[in-house]
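Note sheet for the following structure.
Being a predicted model, the structure only gives us computed values, none of them experimental. Per chain, numbering begins at 1; letters A, B, ... match sequence-line order.
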Amino acid sequence: MDDFQVTDRSIDLAAWRRRLDHPQGGGLVIFEGVVRDHHQGRAVRHLDYQGYAPLAVRTGQVILTAARSRWPLLAALGCHRTGHLEIGEAAVWIGTAAAHRAEAFAACAWIMDEVKARVPVWKRETFADGAVEWSQGTILRTEAPE
Amino acid sequence: MDDFQVTDRSIDLAAWRRRLDHPQGGGLVIFEGVVRDHHQGRAVRHLDYQGYAPLAVRTGQVILTAARSRWPLLAALGCHRTGHLEIGEAAVWIGTAAAHRAEAFAACAWIMDEVKARVPVWKRETFADGAVEWSQGTILRTEAPE
Amino acid sequence: MPEVTVLYFAHLRDQRGTDSECVATTATTARDLYCELVQRHGLTLPERTLIVAINEAMVRWDSPIADGDTVVFLPPVSGG
Amino acid sequence: MPEVTVLYFAHLRDQRGTDSECVATTATTARDLYCELVQRHGLTLPERTLIVAINEAMVRWDSPIADGDTVVFLPPVSGG
C-alpha cells in the first residue's frame, strides 16, 4: 500500500489511523481536511475534486520522503480524495507518528502545506445558489522542498 | 458529555473523533499520546496512570475554554486515561476543529502542552527488567494561561 | 480537633500506603498540615515540588484548612 | 507528424470539453504545443499560471515533445 494515495472513494479514516501504529510511536498527529458548508461567506452544496492521479501520488510520496528526512518520523502517510464530496466528508487525511509530539505536529502541518502547494488536485465548488466554480487556487509549486 | 474527560477505560477514539464533526469545520487536528515500548533507552512493559479526577477534569475544561478564547475553534476536546495501559494504548487524546487548519494545529499543540503542565496525572512505568518507577515529571503549573 | 480528608497520589500514596485518610489535626494551614504528615509518616517530597489543593481547587500553602476540607498534596505531574 | 496525448484538468477540461485527446502536432516544445491548443480551442489560461508535465514529470516550457508523449498543462491547484 502506497504511503500517499489518491482515491475517488471515501477515505477510510480508521484504516489510515491503524497504519500509524508503531511500538516506538509516542505521539501521533492527524489532520483531516473536511468539506465545509460555506466558502468565503457563500453556502456550499457539495464539491468535486479532479486530480492528476499518477503525478499527485508521486508528488505526495516525494513530500512524505522529504518530511522523513527533516524529522525523525516513525510513520508519515497521506491520502487525497477525488470525485464527488458532500459536506462533512474528508477531502484529505495526513498522519504522522514520532517518538515525541513536537516532531509529529511539525511534520503533519508541513506535509499539509506542501500537499496544498504541490499536489495536482483541483476543487470545484457547487454553491447553494447553483453556481459552479473552480476554486481560485495557487500556481502549482514545482521546486523540491529544502 | 464533558469536553474534557478522565477515564480508566480505553479511550474510544472513533467516538471522540465524531464529536469533532461540525458543518463549518474545514480543518480537524487530532493528537494521540500513545504508550511507547521504551523510555530513555529502557524497555517498558506497561504503564499505570493515577489522576486526581475532579481537579484534572476541571483543569482540562479550563484549558479548553482558554484555547477557545485564543483561537476561533468550532470544537476543542480532550481525554486522559488513568489505570493500567499496555504498549500501543492511547494515554491522551486531544482534538480540535476550526474553519482553517492553522488554528486547529496551533490550538491542538497548545492544549497538549497545557495538559502536560497543568493536569494532575501521574505516570508509573514498569520496565522490562521489573523496575517500577514514577515518571520524574514537572512541578504542577497553577497559573492561568495568558 | 478539626478533621480533614487527605488524598494521596503517586509517590505520596506509595509512601503513606493508602489513597486517602481522615486526619484529626491542630494544623491551621495547608503548610502546617503537610509538616505534620511528613513527621508522622516520613513523606519525602519537599514542599517546593508540591502543589496543594483544598476542596478541588489549587491554593496557596498558607491557606487555612477547616473541618471537613479535602486536602491534596500534588506531586510533580507526568501526564500525556 | 508526431502524435501526443494531451490530458485536460479543471478549467482546461471544461474549455476543451474533453479529458484527453490525441493531437498530431508540428510543435517541438511544450510551449509551442500549448500555443497551438490555445489557437485551436480558445483555451484562456495564460502560460504563466500553468505548469507543464510530460510523461508524469513536471518539466520546463521549452522541453521538447516527442511522438507518444503524454503532455499535461496543470492549472492552479486547490487541493486540501
Working note: A/F105 + B/F105, criterion ring pair (Phe, Tyr, Trp, His ring centres under 6.0 Å); need CA distance, chi angles, decisive distance, verdict. CA-CA 8 Å; A/F105 269 115; B/F105 269 115; 7.1 Å; no
Would you sort out whether B/R101 and A/K116 count as a side-chain contact (heavy atoms from CB on, under 4.5 Å), showing the intermediate values? CA-CA 12 Å; B/R101 72 186 185 285; A/K116 280 190 82 84; 3.2 Å; yes
Between B/I30 and A/V29, does the side-chain contact (heavy atoms from CB on, under 4.5 Å) criterion hold? Intermediate values first, please. CA-CA 6 Å; B/I30 292 165; A/V29 175; over 6 Å; no
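No other option in B/D21, B/L28, B/V34 has as many heavy-atom pairs under 4.5 Å with chain A as B/L28. Ranked by non-hydrogen atom pairs under 4.5 Å with chain B, the options A/G88, A/A91, A/G25, A/G95 are led by A/G25. The candidate with the highest count of non-hydrogen atom pairs below 4.5 Å against chain B, out of A/D113, A/V35, A/V92, is A/D113.
Across all their heavy atoms, A/R36 and B/H100 have their closest contact at NH1-CE1, 3.4 Å.
Heavy atoms closer than 4.5 Å to chain B are found in the side chain of A/L13, but not in its backbone. No part of A/A14 comes within reach of chain B, as not one of its non-hydrogen atoms sits under 4.5 angstrom from that chain. Interface remark: A/A99 contributes backbone and side-chain atoms alike to the contact with chain B (heavy atom separation under 4.5 Å).
Between atom CD of residue A/E32 and atom CZ of residue B/R17 there is a gap of 4.0 Å, rounded to the nearest 0.5 Å. From B/H22, atom NE2 reaches atom CD1 of A/I87 across 13.0 Å, with rounding to the nearest 0.5 Å.
Counting non-hydrogen atoms of neighbouring residues, nucleotides and ligands closer than 6.0 angstrom, the CD atom of A/E86 exceeds 12 such neighbours.
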